[in-house]
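One structure below.
What you see is a predicted model; the values in this text were computed from it and never measured.
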Amino acid sequence: MRIFALALLSAAAFAQPADLVLRNGKIVTVSATQPTVQALAVRGGRITALGGDADAAKWIGPATQVIDLHGSLAIPGFIEGHGHFTGIGEFRLGLDLREARTWDDIVAQVARAARQAKPGEWIIGRGWHQSKWDHPPDPNVEGFPLHASLDQVSPNNPVLLTHASGHAAFVNGKALEAAGITRETPNPSGGELLKDKDGNPTGLLRESAQGLANSARNTWLAKRTPQERAAEQRKVIDLAMAECLSNGITTFEDAGSSFSTVDAFRRLADSHELRLRLWVMLSGSQPNLEHNLDKYRMIGVGDNHLTVRAIKQYMDGALGSRGAWLLEPYTDKPDSVGLPTQDPANIKRTGDAAIRHGYQLCVHAIGDRANREVLNVYEQVFREHPDQKDLRWRIEHAQHLNAADIPRFGTLGVIAAMQAVHCTSDAPYVPLRLGDKRAEEGAYVWQKLMQSGAIVGNGTDAPVESVSPLASFYAAVSRKTKDGKVFYPDQRMSREEALKSYTWNNAYAAFEEKLKGTLETGKLADITVLSKDIMTVPEGEILSADVLYTIVGGKVMYENQNHGR
């Protein structure tokens, strides 16, 4: 029946002119039926025909938009498998700390911002990582600075600087004061206030402890008018859309948004103002989630531009900030195994709610203990609901695994929603944290997971990393760090595996493989065009490829005006 329907669709394509035709290119479809074609036709937002250049003339009418690819590569639109959509826009509104090589660099950035800020205005930034500094600050506690250095340059403005991972933050004295944090303040559940030898807060807030400073900043933000808040939210979304489209992303799988943010997405989807597709995980407390799940579940709103059918939870933190929950102590901090950000019993309660309301459950787990605990919860819920099949629950990151748990992903059908670029970005300090044995056994083990039968997705975790699928694709096939070293090369992906991880695999992980992820007749016409053939060019040239076009539903949403063709 399906073959007959596709045949009718293809025949109809010749009877009516296409809205858009791509021709004279190399089009990699990620489909076994027609792996490579030269031309493609689109009508009504969907692919209607695939073939050679000789076929293209049959699809073109007076109103058809024709794009001559001039031999360029066209692929299914990149699907960002795990990122923080509004975080990308918010990142652009604050200080970019990713390139800082020392703590002094960051202090200098804050000093410049403080000179321009109004008294009492919060200064925010993100992207610092102490393991990537040329040398530790002096003085320091566990390699982290003391807030006095920020106090000197920003005495009148609270400062909130989020770690690259998003799992720690550093604040100055004014922010500590606003948050009510003193030497007597206890650690919140699932978090830590790092203190010096005298018991005074250093300014480093791990995991849930960040919430104390964020609450204080939110109180300040709440003083704005509703119009001001709405305008900033729209600016954040517009910035995120523009950045994603310029990087060839046609669908973004958002790893946790609030109900109010989803409301904003829904308004834009209903008014057809979303320029790319969003697949969203809801985040929030378990009681609030349970109360709102039925109301917020939506599939394909706004012509398949918004879907909400997943829940996001956290089991631990990040390895860089030593918040990842491990089975054995950190090699470089033997008195710590990290910490869980919540009780696994809470994950179980959320899993029960997900089953009842028809949601996927997506849990952040980085350390081997966190991954094991999440797999245990999933296994228990699956066992209690034997009638529920093909749930496609996900572990977000799945970065560091115990050998005994790797086969469980395939056995249980759990998606490993990973980010290849984290491997090469984190590689310099992973052996320091875990030791060589644990690093080789279970760090970013893509091949071992695929051999277990698991589906491995790909993404960037933006704004933790730049939202560049090409950077993550390169990391997947090379596992090469900036200094040229290769991190356990046996776990590299082939280029075909890497492309599939960014297209069909991510579509499958969202129950959307029948709509997208491959270029086939009847599917959504979501297409990315690149200046270089990343499937064949020398490995070192992959990162120099440019995005030429980003096409969503047959409409050009981004065209590179600077690339000479």
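With values rounded to the nearest 0.5 angstrom, Tyr502 atom OH is found 6.0 Å from Ile249 atom CD1. Atom CD1 of Ile542 is separated from atom NZ of Lys532 by 10.5 Å, given to the nearest 0.5 angstrom. From Asn371, atom CG reaches atom CG of Leu401 across 5.0 Å, with rounding to the nearest 0.5 Å. Leu73 CG to Asp533 CG: the interatomic distance, rounded to the nearest 0.5 Å, is 5.0 Å. To the nearest 0.5 Å, the span separating OG1 on Thr29 from CD1 on Ile527 amounts to 11.5 Å. Rounding to the nearest 0.5 angstrom, the gap separating the NE2 atom in His422 from the CD1 atom in Ile366 is 6.5 Å.
With contacts defined as side-chain heavy-atom distances shorter than 4.5 Å, the pair Trp393/Ile311 does not qualify. Taking 4.5 Å as the limit, every side-chain heavy atom of Phe473 sits out of range of all side-chain heavy atoms of Phe78. Looking at heavy atoms from C-beta onward, Leu548 lies in side-chain contact with Ser531 at the 4.5 angstrom threshold. Phe85 places none of its side-chain heavy atoms less than 4.5 Å from the side chain of Glu253. Leu95 is not listed as a side-chain neighbour of Ile124, based on a closest heavy-atom distance of 4.5 Å or more. Within the 4.5 Å cutoff, the side chain of Thr341 has no heavy atoms near those of the Ser208 side chain. Looking at heavy atoms from C-beta onward, Ile406 lies in side-chain contact with Leu449 at the 4.5 angstrom threshold. Residues Glu373 and Pro340 form no side-chain contact, since every pair of their non-hydrogen atoms from C-beta on lies 4.5 Å or further apart.
The aromatic rings of His163 and His129 are tilted relative to each other, their planes meeting at an angle between 30° and 60°. Ring planes of Tyr314 and His167: perpendicular class, angle over 60° (limits at 30 and 60°). His84 and His82 have perpendicular rings, their planes meeting at more than 60° on a 0 to 90° scale where under 30° would count as parallel.
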Tell me which donor-acceptor pairs under 3.5 Å the side chains of residues 407-415 have, and how far apart each pair is, sequence neighbours excluded?
{"from": "Arg408", "atom 1": "NH1", "to": "Asn376", "atom 2": "OD1", "distance (Å)": "3.1"}
{"from": "Arg408", "atom 1": "NH1", "to": "Asp405", "atom 2": "OD1", "distance (Å)": "3.0"}
{"from": "Arg408", "atom 1": "NH2", "to": "Asn376", "atom 2": "OD1", "distance (Å)": "2.8"}
{"from": "Arg408", "atom 1": "NH2", "to": "Glu379", "atom 2": "OE1", "distance (Å)": "2.8"}
{"from": "Thr411", "atom 1": "OG1", "to": "Pro407", "atom 2": "O", "distance (Å)": "3.1"}

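For the side chain to side chain donor-acceptor pair (under 3.5 Å) criterion with Lys516, the lone passing option out of Glu513, Glu512, Glu520 is Glu512. Under the side-chain contact (heavy atoms from CB on, under 4.5 Å) rule, Ser257 has a single partner from Val262, Val308, Leu278, which is Val262. Screening Lys523, Lys500, Gln34 for a side chain to side chain donor-acceptor pair (under 3.5 Å) with Thr518, the sole residue that qualifies is Lys523. When the options Leu530, Asp546, Asn247 are evaluated for a side-chain contact (heavy atoms from CB on, under 4.5 Å) with Leu470, the one that passes is Leu530.
With Arg98 contributing its side chain and Ala164 its backbone, the two residues share no donor-acceptor pair below 3.5 Å. A donor-acceptor pair under 3.5 Å is formed between the side chain of Arg101 and the backbone N or O of Lys132.
Closest approach of Gly338 and Tyr330 over heavy atoms only: N-CE1, 3.4 Å. Contact between Leu274 and Leu306 at its shortest, heavy atoms only, is CD1-CB, 4.4 Å. Of all non-hydrogen atoms in His400 and Leu434, the two that sit nearest each other are ND1-CD1, 3.6 Å. Shortest non-hydrogen contact noted between Phe487 and Arg479 is O-NE, 2.6 Å. Taking every heavy atom of both residues into account, Asn140 and Glu142 meet most closely at OD1-N, 3.8 Å. Nearest heavy atoms, Leu276 versus Thr250: CB-O, 3.5 Å.
Residues in residues 447-457 take part in these side chain to side chain donor-acceptor pair (under 3.5 Å) pairs, two or more places apart or across chains: Gln447-Glu497.
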- Task: Report the C-alpha distance between Lys333 and Asp335 in whole Å, list the side-chain angles of each, state the deciding distance to 0.1 Å, and finish with yes or no for salt bridge (Lys or Arg N to Asp or Glu O under 4.0 Å).
- Result: CA-CA 6 Å; Lys333 195 175 188 300; Asp335 62 337; 3.1 Å; yes
- Show your reasoning for whether side chain to side chain contact (heavy atoms under 4.5 Å, CB included) applies to Gln130 and Phe170. CA-CA 11 Å; Gln130 78 287 357; Phe170 196 85; over 6 Å; no
- Message: Please determine whether salt bridge (Lys or Arg N to Asp or Glu O under 4.0 Å) holds for the pair Arg322 and Asp332, giving the CA-CA distance in whole Å, both sets of side-chain angles, and the decisive distance to 0.1 Å.
- Response: CA-CA 10 Å; Arg322 299 187 186 88; Asp332 60 353; 3.3 Å; yes
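Side chain to side chain, Asp426 and Tyr444 meet the donor-acceptor criterion of an N or O pair below 3.5 Å. No side-chain donor-acceptor contact under 3.5 Å links Gln419 and Ser472. A donor-acceptor contact closer than 3.5 angstrom links the side chains of Arg433 and Ser131.
The environment of CD in Glu328 is sparse: at most 12 heavy-atom neighbours from other residues, nucleotides or ligands sit within 6.0 Å.
Both tests pass for Arg392 against the ring of Phe511: distance under 6.0 Å to the centre and angle within 45° of the axis.
Partners of Trp446 under the ring pair (Phe, Tyr, Trp, His ring centres under 6.0 Å) rule, at least two apart in sequence or in another chain, do not exist in this structure.
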